[in-house]
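Heavy atoms only: backbone and side chains are in, while hydrogens, waters and symmetry mates are out. Just so you know, these numbers come straight off a predicted model, no measurement behind them. Counting from 1, the numbers follow the sequence of the chain as shown.
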Amino acid sequence: MTTTSAIRRGSFLDRFIPLNVNGWVRTLGIASILVNFLLVLTGGLVRLTGSGLGCPTWPRCTSDSWTNVPAMGIHGFIEFGNRTLTGAVGIIALLTFISVWRLRGRYTDLFGIAFVLGLGVIVQAVVGGLSVWLRLNPWMVGVHFMLSGFMVALAAIFYARVRRYSMRKVIESERLSDRPEADNVQRFLGIVIAAVTIVAVYMGTLVTGTGPHSGDTDSARHAFDPQVVTRLHSIPVWVLLVLVMATLVLAKRKNWAPAVSRNAWIIVLVMLFQGAIGYTQYFTGSPGFLVWFHLIGAGLLIWSVTALLERMVVLGTPALRDLAESRVEIAEANGIV
């Protein structure tokens with residue numbers, strides 16, 4: 001191997017399978033969020049267009065074909081397109097895993113998250129197949145959506161950490177160099193906010209499973225009273241808003257890192273968007289395009305709440321702060337930040 005070839009090979013490895021967190025790893029982090037987010041939105045499109053059984057079998061689209069056929073019309077195209085996107089999610093997950101392969105000894109958290117993201121793609125595909133086999137049973141469809149939310153959240157944690165480990169502005173906004181005592185209030189509040197968000201999102205799947213957009217005219221629906229289940233869904237949403245406002249107050253009084261307040265304000269904006277869409281749905285009979293916008297809001301809420309949870313838990317736990325700081329020191333020693 002010539003010297004030039006060796007340099008090129010080394011440059012390729014250092015860029016795409018780096019020894020330190022770099023721009024490529026950050027790019028894959030945001031790509032992981034976006035592609036899983038897009039999977040949620042295309043899944044919503046499948047349901048809203050009645051294309052849930054556009055491909056009536058799984059893993060094949062029909063008993064004789066892996067792809068949709070012209071006779072299926074637009075429904076087959078939409079459903080197969082959603083299935084195809086799972087392949088893109090898998091490719092991004094694989095590239096993410098490869099990108100942190102040489103980091104696995106020093107950044108075990110990134111390696112572990114990338115590994116679970118890869119497994120999640122497989123689980124997501126199987127759950128999607130079960131949903132088809134069960135003719136879009138609303139309970140299984142709800143599980144399918146929650147798993148998608150989990151994937152978005154996991155990707156959000158990965159992205160938050162690669163930014164922390166490689167970007168000076170993030171390090172400064174989190175004030176990692178501070179050495180405060182354990183902040184149980186900050187850590188506990190972050191966990192409670194995340195827990196309430198999970199309840200709110202799950203209750204949202206029950207509302208959708210009760211509503212008119214089943215994905216197919218012959219699919220079963222929940223037997224709940226639509227008004228009752230919608231009002232129950234609103235309870236954890238209002239609790240979440242109160243908790244986020246409390247976070248903003250405490251962040252000011254306790255002098256928490258500026259990044260915490262920034263995260264909390266993002267959540268407030270997302271919730272205002274979600275609230276406007278949700279109440280409009282309630283009073284207008286839940287038209288399909290509003291349901292789709294509500295899905296966008298749900299994805300943004302999962303992303304923003306996860307970012308807040310991760311940050312509050314890390315900054316409120318001395319051991320995790322020390323671990324993060326040690327990894328930042330590695331990056332500084334290698335001229336990354």
Could you tell me which non-hydrogen atom of [X] sits nearest to which non-hydrogen atom of [Y], and how far apart they are?
{"X": "Val314", "Y": "Arg321", "answer": "O-CG, 3.0 Å"}
{"X": "Ser99", "Y": "Pro18", "answer": "O-CD, 3.2 Å"}
{"X": "Val291", "Y": "Gln281", "answer": "CG2-NE2, 3.4 Å"}
{"X": "Leu41", "Y": "Trp292", "answer": "O-NE1, 3.0 Å"}

Can you tell me how far [atom2] of [Y] sits from [atom1] of [X], rounded to the nearest 0.5 angstrom?
{"X": "Phe97", "Y": "Ile92", "atom1": "CZ", "atom2": "CD1", "result": "15.5 Å"}
{"X": "Leu117", "Y": "Ile113", "atom1": "CG", "atom2": "CD1", "result": "7.5 Å"}
{"X": "Trp24", "Y": "Ile17", "atom1": "CH2", "atom2": "CD1", "result": "10.5 Å"}
{"X": "Leu19", "Y": "Arg102", "atom1": "CG", "atom2": "CZ", "result": "4.0 Å"}
{"X": "Ile277", "Y": "Leu295", "atom1": "CD1", "atom2": "CG", "result": "11.0 Å"}
{"X": "Arg164", "Y": "Leu315", "atom1": "CZ", "atom2": "CG", "result": "6.5 Å"}

So do the side chains of [X] and [Y] get within less than 4.5 Å of each other, counting heavy atoms only?
{"X": "Cys61", "Y": "Thr67", "answer": "no"}
{"X": "Val25", "Y": "Phe158", "answer": "yes"}
{"X": "Ile33", "Y": "Trp303", "answer": "yes"}
{"X": "Leu241", "Y": "Val237", "answer": "no"}

Next on the checklist: Among residues at least two apart in sequence or on other chains, which ones pass side-chain contact (heavy atoms from CB on, under 4.5 Å) with Val228?
Outcome noted: Asp225, Leu232
Checklist entry - side-chain contact (heavy atoms from CB on, under 4.5 Å) with Lys169: which residues, sequence neighbours excluded? => result Arg163, Met167
Table please: side-chain donor-acceptor pairs of residues 138-155 below 3.5 Å, with sequence neighbours left out.
| residue | atom | partner | partner atom | Å |
| --- | --- | --- | --- | --- |
| His144 | ND1 | Gln124 | OE1 | 3.1 |
| Ser148 | OG | Gln124 | NE2 | 2.4 |
| Ser148 | OG | His144 | O | 3.2 |

Do any side-chain atoms of residues 81-90 form donor-acceptor pairs under 3.5 angstrom with protein atoms, and if so which ones, sequence neighbours left out?
| residue | atom | partner | partner atom | Å |
| --- | --- | --- | --- | --- |
| Asn82 | ND2 | Thr42 | OG1 | 2.6 |
| Arg83 | NE | Glu79 | OE2 | 2.9 |
| Arg83 | NH1 | Thr57 | O | 2.9 |
| Arg83 | NH1 | Arg60 | O | 3.1 |
| Arg83 | NH2 | Cys55 | O | 3.1 |
| Arg83 | NH2 | Thr57 | O | 2.7 |
| Thr84 | OG1 | Phe80 | O | 2.8 |
| Thr86 | OG1 | Arg83 | O | 3.4 |

Checklist entry - Considering residues at least two apart in sequence or located in another chain, which fulfil the ring pair (Phe, Tyr, Trp, His ring centres under 6.0 Å) criterion with Tyr282? => result none
Hydrophobic clusters here meaning ILVMFWY residues chained together by side-chain heavy-atom distances under 4.5 Å, can you tell me if [X] and [Y] are in one?
{"X": "Met312", "Y": "Leu323", "result": "no"}
{"X": "Val305", "Y": "Met245", "result": "yes"}
{"X": "Leu110", "Y": "Leu119", "result": "yes"}
{"X": "Val242", "Y": "Leu309", "result": "no"}
{"X": "Leu95", "Y": "Ile122", "result": "no"}

Distance-only criterion, 3.5 Å: show the donor-acceptor pairs between side-chain atoms of residues 195-202 and protein atoms not counting sequence neighbours.
| residue | atom | partner | partner atom | Å |
| --- | --- | --- | --- | --- |
| Thr197 | OG1 | Ile193 | O | 2.7 |

Identify each donor-acceptor pair in which a side-chain atom of residues 253-273 lies under 3.5 Å from a protein atom, sequence neighbours left out, and give them as a table.
| residue | atom | partner | partner atom | Å |
| --- | --- | --- | --- | --- |
| Trp256 | NE1 | Asp183 | OD2 | 2.7 |
| Asn263 | OD1 | Arg311 | NH1 | 3.0 |

Within the side chain of [X], is there an N or O that forms a donor-acceptor pair under 3.5 Å with the backbone of [Y]?
{"X": "His222", "Y": "Val207", "answer": "no"}
{"X": "Thr108", "Y": "Arg104", "answer": "no"}
{"X": "Ser65", "Y": "Thr62", "answer": "no"}

Tell me, please, which residues at least two apart from [X] pass side chain to side chain donor-acceptor pair (under 3.5 Å).
{"X": "Thr96", "result": "Ser32"}
{"X": "Thr317", "result": "Arg187"}
{"X": "Asp109", "result": "Arg161, Tyr165, Arg327"}
{"X": "Tyr279", "result": "Trp238"}

Checklist entry - Taking the six-membered ring for Trp, are the ring centroids of Phe111 and Trp101 within less than 6.0 Å of each other? => result yes
Checklist entry - Among pairs that include at least one residue of residues 34-68, which meet ring pair (Phe, Tyr, Trp, His ring centres under 6.0 Å), considering only residues two or more places apart or in two chains? => result Trp58-Trp133
Item to check | Derivation and outcome, side chain to side chain contact (heavy atoms under 4.5 Å, CB included), residues Glu325 and Asp322 | outcome: CA-CA 5 Å; Glu325 177 68 11; Asp322 290 343; 5.5 Å; no
Checklist entry - Could you go step by step and tell me if Val313 and Gln186 meet the side chain to side chain contact (heavy atoms under 4.5 Å, CB included) rule? => result CA-CA 7 Å; Val313 169; Gln186 183 172 189; over 6 Å; no
Item to check | Heavy atoms of other groups near Phe16 CZ, more than 12 under 6.0 Å | outcome: yes
Checklist entry - Hey, what's the ring geometry for His233 with His294, parallel, tilted or perpendicular (30° and 60° as the breaks)? => result perpendicular
